[in-house]
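Each remark here refers to the structure printed beneath this line.
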Amino acid sequence: MDKLLQNLCAIHSPSGEEYAMKEFLLKYLHKHKSNWKRQPLIYEGDAFQDCLVLIFGVPRVAAVAHMDTTGFMVRYQDQLVPIGGPTAEGNELITGTDVFGEIECKLQISANNTLHYRFARGIATGTSLVFKSHFKNTSGRIVSPYLDNRIGIYNLLRQAETLENGTLVFSCGEEAGGGSVPFLVRFLYEKYNIQKMLISDVTWATDGVMPGSGVVISRRDRNIPRKSFFDQIVAMAAEDLVNFQIEVEEEGSSDGREIHLSPYPIDWCFIGPPVEDVHSNSEKASISDIMEMMRLYQVLLEKL
């Protein structure tokens with residue numbers, strides 16, 4: 001796996017502060033897009049907040065990856081409140097920046113399960129902190145904070161290299177309950193008549209979907225995509241000999257939830273690798289699953 005994924009994992013981008021990721025992506029696009037098969041039309045700016053939409057050719061399908069991560073926000077004194085649903089055991093290193101400078105400190109969990117930081121000075125209220133970046137690529141797997149959802153972003157950037165007709169969407173706020181997908185869905189449907197969307201994200205490894213066994217095509221989580229669309233995706237994966245596994249859960253969600261609840265007739269399906277220890281400071285993913293994910297997206301964006 002190349003350096004790009006490692007660079008993505010190191011960007012400070014908790015929910016509500018995706019602007020650093022957006023700036024990275026814009027710089028990346030302007031540096032590399034001349035080498036892509038087709039030049040995209042780029043939508044960004046105030047009307048899109050910190051989101052980013054790339055339109056290639058005449059699009060029929062959109063793939064969506066959220067740019068935000070979980071994290072922590074400084075409350076009062078040494079208190080922290082979670083951003084999204086981070087998983088911690090205590091003593092993890094967390095980092096950020098406030099008006100007084102850069103921060104690297106330890107996360108502490110009290111006896112009553114409240115979150116605190118330990119640092120030589122007080123940290124300004126409202127400052128966001130995230131797990132300190134560390135990235136290991138060894139023995140066929142990657143270990144790092146925030147593979148959720150840097151893998152999804154990485155997938156879209158790799159699709160951009162060869163995509164001729166399609167839409168790549170970088171959304172905000174997924175870990176904190178969403179918010180950006182409704183206006184993105186409206187834009188894509190009303191301007192480009194997009195009626196098929198793929199969720200480029202990671203899912204939890206369970207007893208039924210395991211790292212190293214292929215990319216996951218989700219039959220359902222809290223929401224249920226339309227079976228005819230799911231069956232079409234499975235058939236294409238099988239035809240192209242993609243190594244995949246099918247997920248069935250009753251909990252969990254993604255940007256697919258907001259597509260599902262929208263007033264627009266858009267089919268959607270979640271497709272991504274299973275990851276162990278999601279939302280912790282040491283998420284784990286199989287490189288082979290990521291490669292199968294990219295292979296399947298290339299097929300679907302071309303043929304759906």
Side-chain angles (χ1 to χ4, degrees), residues 13-26 29 33 38-69 83-84 148-149 152-153 155-157 159-160 163-202 218 220-230 232-233 252-272 297 300-304:
S13 182
S15 293
E17 296 181 44
E18 295 91 344
Y19 52 83
M21 178 58 77
K22 177 191 169 184
E23 290 173 2
F24 175 90
L25 292 176
L26 286 172
L29 297 178
K33 67 179 182 177
R38 173 166 281 183
Q39 300 300 294
L41 181 61
I42 301 173
Y43 287 95
E44 56 98 12
D46 290 344
F48 293 86
Q49 296 185 335
D50 289 321
C51 300
L52 187 61
V53 178
L54 308 181
I55 302 291
F56 294 79
V58 181
R60 303 179 307 277
V61 185
V64 183
H66 71 85
M67 296 188 289
D68 60 314
T69 69
I83 299 171
D148 178 13
N149 182 35
I153 296 172
N155 173 45
L156 296 199
L157 292 178
Q159 300 305 323
L163 186 59
E164 293 191 72
N165 297 290
T167 302
L168 304 179
V169 180
F170 301 88
S171 68
C172 297
E174 191 270 349
E175 297 291 4
S180 65
V181 170
F183 71 75
L184 293 171
V185 166
R186 177 178 178 178
F187 169 76
L188 291 172
Y189 182 81
E190 294 185 355
K191 187 170 182 63
Y192 290 98
N193 195 32
I194 297 294
Q195 297 184 44
K196 298 177 181 180
M197 300 184 78
L198 308 173
I199 310 303
S200 178
D201 202 343
V202 308
S218 185
R220 64 156 294 166
D221 46 31
R222 188 185 310 168
N223 303 111
I224 303 175
R226 200 159 66 112
K227 189 170 187 297
S228 58
F229 187 57
F230 170 85
Q232 186 180 13
I233 289 169
S253 190
S254 68
D255 277 335
R257 178 184 68 90
E258 295 192 70
I259 303 169
H260 187 81
L261 296 175
S262 80
Y264 300 96
I266 297 177
D267 280 315
W268 64 276
C269 188
F270 180 107
I271 303 169
Y297 270 81
L300 296 177
L301 286 167
E302 177 184 342
K303 295 183 178 181
L304 274 175

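The structure displayed is predicted, hence computed values, not measured ones.
Between Tyr43 and Phe187, the ring-plane angle classifies as perpendicular under the 30° and 60° cut-offs. In this pair, Tyr264 and Tyr189 present their aromatic rings tilted. The plane angle is within the 30 to 60° band.
Contact of the Phe229 side chain with the Leu198 side chain is registered, since non-hydrogen atoms from C-beta on lie closer than 4.5 Å. Two residues are said to be in side-chain contact when any heavy atoms from C-beta on lie closer than 4.5 Å; Leu54 and Leu29 meet this criterion. Inter-residue side-chain proximity for Leu304 and Arg60 is flagged as unmet; no heavy-atom pair is nearer than 4.5 Å. Two residues are said to be in side-chain contact when any heavy atoms from C-beta on lie closer than 4.5 Å; Leu188 and Val169 meet this criterion. Contact of the Trp268 side chain with the Asn223 side chain is registered, since non-hydrogen atoms from C-beta on lie closer than 4.5 Å. Side-chain contact between Leu157 and Leu25 is present, with heavy atoms from C-beta onward closer than 4.5 Å. Leu184 places a side-chain heavy atom less than 4.5 Å from the side chain of Val53. Two residues are said to be in side-chain contact when any heavy atoms from C-beta on lie closer than 4.5 Å; Ile42 and Leu26 meet this criterion.
Remark: Thr167 OG1 to Met197 CE distance equals 8.0 Å, nearest 0.5 Å. The distance from the CD1 atom of Ile199 to the CD atom of Glu258 is 10.0 Å, given to the nearest 0.5 Å. In this structure, Leu156 CG and Leu301 CG are separated by 8.0 Å, a value rounded to the nearest 0.5 Å. How far OG of Ser200 is from CZ of Phe170: 8.5 Å, rounded to the nearest 0.5 Å.
Around atom CD of Gln232, more than 12 heavy atoms belonging to other residues, nucleotides or ligands sit under 6.0 Å away. Summarising the local packing, CZ of Phe183 is surrounded by more than 12 heavy atoms from other residues, nucleotides or ligands at distances under 6.0 Å.
Ala65 approaches Ile153 most closely through the heavy-atom pair CB-N, 3.8 Å. Annotation for Asp255 and Glu174: closest pair OD1-CG, 3.3 Å, computed over non-hydrogen atoms. What you find for Tyr297 and Ala63 is that their closest heavy atoms are CE2-CB, 4.0 Å. Of all the heavy atoms in Ser15 and Glu175, the pair that sits closest is OG-CB, 3.6 Å. The shortest non-hydrogen separation linking Tyr192 to Pro59 is CD2-CG, 3.9 Å. Between Leu52 and Glu44 the shortest heavy-atom distance is CD1-CB, 3.7 Å.
Counted by atom type alone, Ser254 and Asp201 present zero donor-acceptor pairs between their side chains at under 3.5 Å.
One finds a salt bridge joining Glu190 and Arg186 here, because a Lys/Arg side-chain nitrogen approaches an Asp/Glu carboxylate oxygen to under 4.0 Å.
The backbone N or O of Met67 lies less than 3.5 Å from a partner atom in the side chain of Ser13, making a donor-acceptor pair.
Shown here are the salt bridge (charged side-chain N to carboxylate O under 4.0 Å, His left out) partners of Glu164, two or more places apart in sequence or in another chain: Lys37. Glu302 pairs by the side chain to side chain donor-acceptor pair (under 3.5 Å) definition with nothing, not counting sequence neighbours.
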